[in-house]
Amino acid sequence: MFHPVSSKPDFVAQEHDVLDLWARTDAFRTLWAMNKGNKRWSFVDGPITANGPMGVHHAWGRTYKDLYQRFYAMQGFDERYQNGFDCQGLWVEVLVEKEKGFTSKRDIERMGLADFVNTCKQRVLNFAAIQTEQSIRLGYWMDWNDPAQLRWLRDKLEEDPSQVITVEGPQGPVTDSVEQIVGRLGLPELGGSYFTFSNENNYLIWRFLKKCWEKGWLYEGTDVMPWCDRCGTGISQHEIVTDGYEELTHTSVYLRFPLLDEAGQQRLDAETGLPEALLVWTTTPWTLTSNVAAAVGPELDYIKVQQDGWVYYLAKGAAKRALAGRYTLLAELKGAELLGWAYAGPFDELPTVQAVFQKAGYSHTVIAWKEVGEEEGAGIVHIAPGCGAEDFQLSKQYGLPVIAPLDEAGIYLEGFAWLTGQNVHDVAASIFGSLQDKALLYRLEEYTHRYPVCWRCKTELIFRLVDEWFISMGEVYDKPREELTAEEVDRSLRYQIMEVVDQIRWIPSFGRERELDWLRNMHDWMISKKRYWGLALPIWVCEDPACRHFHLVGSEHELKELAVEGWERFEGHTPHRPYVDAVKIACPQCGGRASRIADVGNPWLDAGIVTFSTLSYRNDRSYWEKWFPADLISESFPGQFRNWFYSVLAMGTVLERRPPFLTNFSYATLLGEDGRAMHKSWGNMLDFHDGAERIGVDVMRWMFLHHKPEQNLLFGFHRADETRRRFHIPLWNVYSFFVTYANLAPAWSVERATWSAPPHSADPDVQSSDHFLDRWIVARMQQLIELVTQRLTDYDSESATVACEAFLDDLSNWYVRRNRRRFWEGDPAALDTLYYVLVTFARLLAPMMPFVSETIYQNLVVEGLEGLSVPGRTDSPDGAPVSVHHTGWPTADRSLIDEQLLADMDLARAVVSLGHADRVAAEIKVRQPLADIQVVAAGKAQSLARFADVIADELNVKRVELAGGEAELVQYRILPVNKTLGPRFGKEFPAVRQALSAADPYAVAAAVAAGQPVALTVNGQPVALGPEDLLVQAEPRPGLQVTNDPQRGIVVALNTVITPALKAEGLAREVVRTIQQMRKDAGFEVSDRIHTTYQTEDAGLAEAIELHAAAIRQETLSLSLDAAGPAAGAYVATVDLDGAGVTMAVRRAGG
RNA sequence: GGGCCUGUAGCUCAGACGGUUAGAGCACUGUGCUGAUAACGCAGGGGUCAGUGGUUCGAGUCCACUCAGGCCCA
C-alpha cells in the first residue's frame, strides 16, 4: 500500500520534510561516496560574497550549479562539490565600518588593524553560515560546513584568535590556533567550502604576482585615478564601469581666465580697449586651484565677442549655450591661433601654486588638445593635471607642472591658504565666493550629468594623483590578431589571454566576443588598494631612497628565508595586516632593509586564483592535474567578463598558459515582476528566505530552469503561481490519481511492478502490456529521456523543461484521461505502466526539481521512513536506493520508440480535436451520445482504424467511420511540398506550382492515397511527382456540419441526429454525473457502496433511468436504485437535467 | 563613437537546418467536460513578425542599412 496522497499538497512543508530526510539519511554524502573514484566531472564554483544574506538572484545561479552537478552525479561522475566564499576586500570593510559607526580610515586605525581584520573575518564567517543554511534550503548539494561550527569559530575568533582548538576534519582531528584553523578552512584537512581569505589562497596569489614580476609585467605607476575620499582608496577601472555612475546635479561655473600680455599685464583688446579673457567652464570647481593650462581644439572655430565691459574668447558652437544675454561679435578665428597665449590663473595667489610654478619656471598657457569639442561648456577646457586623468596625460605631453591639492581623505593640503584643512565636498560655495571677489566669475549653472561614485559607499569620487601597482596588459598592436608573431604574443598578457579565450566554449556564444572586447580595451590592471582587509601584496620595497628596489616574495617559505626582522611577530598568523607588515627583508639589490608596501590587493585576485588554490596546485600537483581545468564554471554576466571571468583567465594564462575552464555558462539579470531592477523601496524586492517559504524552492528552480539564460528574468509571486499551476500541480495530480487507484486495485500490488524498467521490456519476468496507450506513453517516455539527456548535456535547461512540460501534458491530458476506466477497474497493465512512468519521470526531474521528485519516489519506491509527513510504503521492492538521487540517470530504450504508433496517436488526437469542434459548432454537449462521426483522412485508414475506439470513447459516439463518397464531403487542395520540390526545380518551381494547381485535385488525391506518382507537364516537359512531394489538403464542402485540419488533411463530420434512444442514454449519463457529484459533496470515499433513490415527474427521464438502471448502478457503486423518496439520513439534492426536474438521494450502504 | 544583445498577440515568451495558412501560456469572452485535476477540452477576438532594401523559386528565420530598448567599452 502506498501512503494516501493529499490532492491539496503543501509543497513548502514537504520540502522541509525532504530536507529532514536527506539530513537523517546523509543522502548527499552517500551519493558522493557512491561515485568516488569514478570518471570525473569538474566544477569550480565562483565564490559568493559572504557579506549578507542571499537574494533570489543568487538562487538562480545556484540552481544551475546544482542542476549540472546533480545531472553528472546521476550519471556516475565523481565531483568535488566545493562551494566558495569571497571574503576579502572593501565590501566587507565598508559594512564592518558601518556596523561600528566608523566614518573614516582614522577610526579603523584607532581600533587597531589586528582587531579590525579579526572583525572582518568574523563577519565573513557569520554570513557564510547564513548562506550555507540558505543554500541547503535551496536543495543545493555541496560539501557544506556545519553552519553551527562556522558560528562557533566566529565566536572563538572574537574571544581570542590565538587560543588553540581541535576540530574534526575528514582525515582526522586538526589542532591549531583559531586564527590558523579559520585560515585553513576549505583545505583538504578541513574540507567544506573554500574561503578566499585562506592562507593557501593568499600565498598562491603571491606566486602569481611573482611570476608576473619575473615576466616584467608588474610595475608601480603614478597616475590620476578615481578616488573615494571616504574609503581613502583608488577605484579601479573594473569597479567603476557598472555600479559606478549616478545621475547627479552639480553647480557648474563659467569663469574668466584673463589674458596676459608679454609683460604679464592684463591684455586689452586693440579695438575696444576692453580687457580680454578666455571663457572657461567646469563642473568641478575644487579643481580650479590646480589649474595650469587651458586647452582649445586647434581645428575648432572660435569667436571673439564683446559683452559687459569684457572681450571673451570661446568656441563658436558654444556661444549660444555659454553666453548669457546680448553680446557683440568682434571676430572669428581658429583654435590654433589661441595657442601659446598666457593668462592669469584663478588661484595664483595660493602659496603652493606660486611655489610650483616658480620651481617649474612656468606660467599659465593655452595648449592644444584634439579632444576639445564645443558640445559642452565654452569650448575651452580648464586643465588641472593633479585632478584629472586626461589632464595628467596632457601634462606629460606638454611638460606641465602638476598641483595635487588633496590628501587621501579629500582634505586640502598645506599651502592652499583658506582652503587648507577643508574637505573637497564642502568648498564649492567658498570657491565661487572667491571667484566673485576676484571678478572672475561669469555665471553659475545647475548641471546634471553621470558622475562616478564609489560603488560601495556611493560617495562622489574625486580624481587624485596617486602611486598604485599595476599588472601590464601589454600593448595593443595595430594589426589583426592572426598576423601577430609568437614573440609579440609572448610579450603581451592581453593576447595570451585571448588565445586562451579561443579554446573555451562560451554559453551563450556571444560571451566569447564580450570577453575579447574587454581584453582589447582594458587598461593595465590596477591591483593595489590603500586599505586594510585583504590580500597583503607581497611587494617589499627597499627603504634606502637611493635604491628603492622592489622585490616580489613568492611564498611564505621565501619570506621566512629573506626575513631579517619581525618574523617572530608574524609567525603563527595568517598573511594579513598588520602582522605580515612587521616582516622586513634584506634588499636583494643593495642589502638594505626592505618593507612591505602598505597596500592590499584587488579582491578579484582572490577570486581569480581559485582554479589553482582549491585544487592543491602547490602541494599536490597530481590532484590538481586531475581536476584542472574545470569542465564548467558559471556566473551571471553583468560585471563578470571584466571581473571574475577575466581574473580566472588571467591566472590560468600567467601560471599555465592554459584555459582554466572548458565551458563558461553565464546568465543575465534577475528583475522584479514589473520588469524593473529589484529595489527595496520599489516594493518588488524579494529576499531568498521569503521566496523559498512562500513559493517553494522546487517552483523557484523550475522558473529559473525554464528560462532562456541570456535574457533577463522577471521574477515574482504571480509568475511563481503560474509555474506551479502549469507543472507542479498537474504532476502531483497524476501521482495522486495513481496512488488512489493503485491502492484500490485488488489485482495489482507493487511486488509485481518494476520501477526501473518499462513494463513491456524484453525481460520475460516483467509483466508486459500490449495495450497501445501503454506502449504509446512508454514510447513517449523514451523520447523524453533521450531529449532531456541531450539538452542537459548541452547545458540547455530551458529546452529540457519545455520537453518535460509537453510530456506531462501528454501524460495527464491524454494517457490518464483516456485510461480512467482502466484505472477504475484496476487494470494491472495500466498500473504497471503508470508506475514505471511516474518513477522514471521523477528520476529525470530529480536534478531539476529535487524535492517533489524525492517525495514521489519515497512513496512509490522506498521503504517508509519514520517522521516524513508523506511516509513511504512498507512493502518496498528490494534493493531500491534510499533516495531518488541515488537511482542513476535513466537511459532510453530506443527499441520502444514506435514511430508509427506515435504518428497514429497524433492523428487520433487531431481527429478528436476536430470532433470536439464539431460538437461546439452543433451545440451538442459531449455527454450526449451520438451515432457516428465520418472521417476523411486520405491514405490513413489503417491508422484511423487502430484508434477508432479511443476516438469513439473520447467523443462519445457509437462508431467512427471512414467516410465514403469523399467527393461529396470535401474538396481537395493540392500543395507542393516546398522542402523537396523547391531545391529540385529551383527557378522552375513556380511553373510546377502552376501545373499542379491546374491538375484535377480528386485525381491527384486518389493517386497520393494509393501511393502512385502524379504525372504533370511543366514547360512542355513531363514531370513525375511522388506522393511524398505532394500535400493533400481536404476542406469541408461549404454547408456541411464538419471541421477540418488542413495541415493533416483530415475532415471530421459529426452525425448530429439525436434519436430517442440516444437521448435516453444521454439523460442516464446526466444522472450518473449528478450522483457522482452528490457522492463527492456528501463526503463519501471513492470506494463506498451506496443506496440511491430518485423522484421525478418527467416521464422521459424516469424511462431513461429504468432503461439504463444497471449501468447507472455500476458507475455509481449503487447497490440499489429505486424510484422512491429519500431515506432517513440520506444526502439529498434536487437538480434540473435538460429541463427535467429530479430529486435524488444517496446514503452509504451498511452505515 | 565602438562592441554585444534584444525587438513576434494586451502581457510573458516559443518559433534548429530558410519551406505549406506564424504558435504557446497568462488575461478576456463563450461553451463544454470532470469521482485525478486549486484543473482541462473546444471555440473566439486579438499580429503590417520594429522599418527599408537585398539574396532566394521561397525570408519571422540569411545579409545590409535605419529606428527603438538594454548591457558593455570609449
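Order of the sequence lines sets the chain letters (A, B, ...), proteins ahead of strands, with each chain counted from 1.
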Problem set entry | Gap in Å between the two C1' atoms, one belonging to rC26(B) and one to rA9(B), rounded |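 That atom pair is separated by 12 Å.
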
Contact class for [X] vs. all strands (heavy atom < 4.0 Å): base, sugar-phosphate, or nothing?
X: Tyr741(A); value: sugar-phosphate
X: Arg725(A); value: sugar-phosphate
X: Pro990(A); value: sugar-phosphate
X: Asn813(A); value: sugar-phosphate
X: Arg821(A); value: nothing
X: Gln1076(A); value: base

Exercise. Of Arg820(A) and Pro976(A), whose closest RNA chain B nucleotide lies nearer the 5' terminus?
Worked result: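 Of the two residues, Pro976(A) wins.
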
Exercise. Going by modelled atom types, is there a donor-acceptor pair between the base of rA39(B) and the side chain of Ser812(A) at under 3.5 Å?
Worked result: no

Exercise. If you round to the nearest 0.5 Å, how far is CZ of Phe989(A) from CG of Asn978(A)?
Worked result: 4.0 Å

Side-chain N or O of [X] closer than 4.0 Å to phosphate OP1/OP2 of [N]:
X: Arg726(A); N: rC26(B); value: no
X: His706(A); N: rG25(B); value: no
X: Arg1079(A); N: rU34(B); value: no
X: Trp518(A); N: rC4(B); value: no
X: Arg1073(A); N: rG35(B); value: no

For this session: Would you confirm whether the ring centroid of Phe715(A) sits within less than 6.0 angstrom of the ring centroid of Phe704(A)?
Result: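 For Phe704(A) and Phe715(A), the ring centres are under 6.0 Å apart.
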
For this session: Kindly say whether the aromatic ring centers of Trp604(A) and Tyr646(A) come within a distance under 6.0 Å.
Result: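 No, too far apart.
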
Exercise. Can you list the residues that meet the ring-ring contact (aromatic ring centres under 6.0 Å, His included) rule with Phe1084(A), with sequence neighbours excluded?
Worked result: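 Not a single residue meets the ring-ring contact (aromatic ring centres under 6.0 Å, His included) criterion with Phe1084(A).
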
For this session: Measure from NZ or CZ of Arg724(A) to the centre of the six-membered ring of Phe11(A) and say whether it is under 6.0 Å with the direction within 45° of the ring axis.
Result: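 Verdict for Phe11(A): no cation-pi partner in Arg724(A).
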
For this session: Using a 4.0 Å heavy-atom cut-off, write out nucleotides 10-16 of chain B from 5' to 3' as B (base contacted by protein), S (sugar-phosphate only) or - (no contact).
Result: --SSSS-

Exercise. According to the Watson-Crick and G-U wobble definitions, with both distances under 3.5 Å, which nucleotide is paired to rU48(B)?
Worked result: none

Exercise. Side chain to side chain donor-acceptor pair (under 3.5 Å) with Asp1088(A): which of Arg1079(A), Arg1147(A), Arg1148(A)?
Worked result: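 Looking at Arg1079(A), Arg1147(A), Arg1148(A), the match for Asp1088(A) under the side chain to side chain donor-acceptor pair (under 3.5 Å) is Arg1148(A).
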
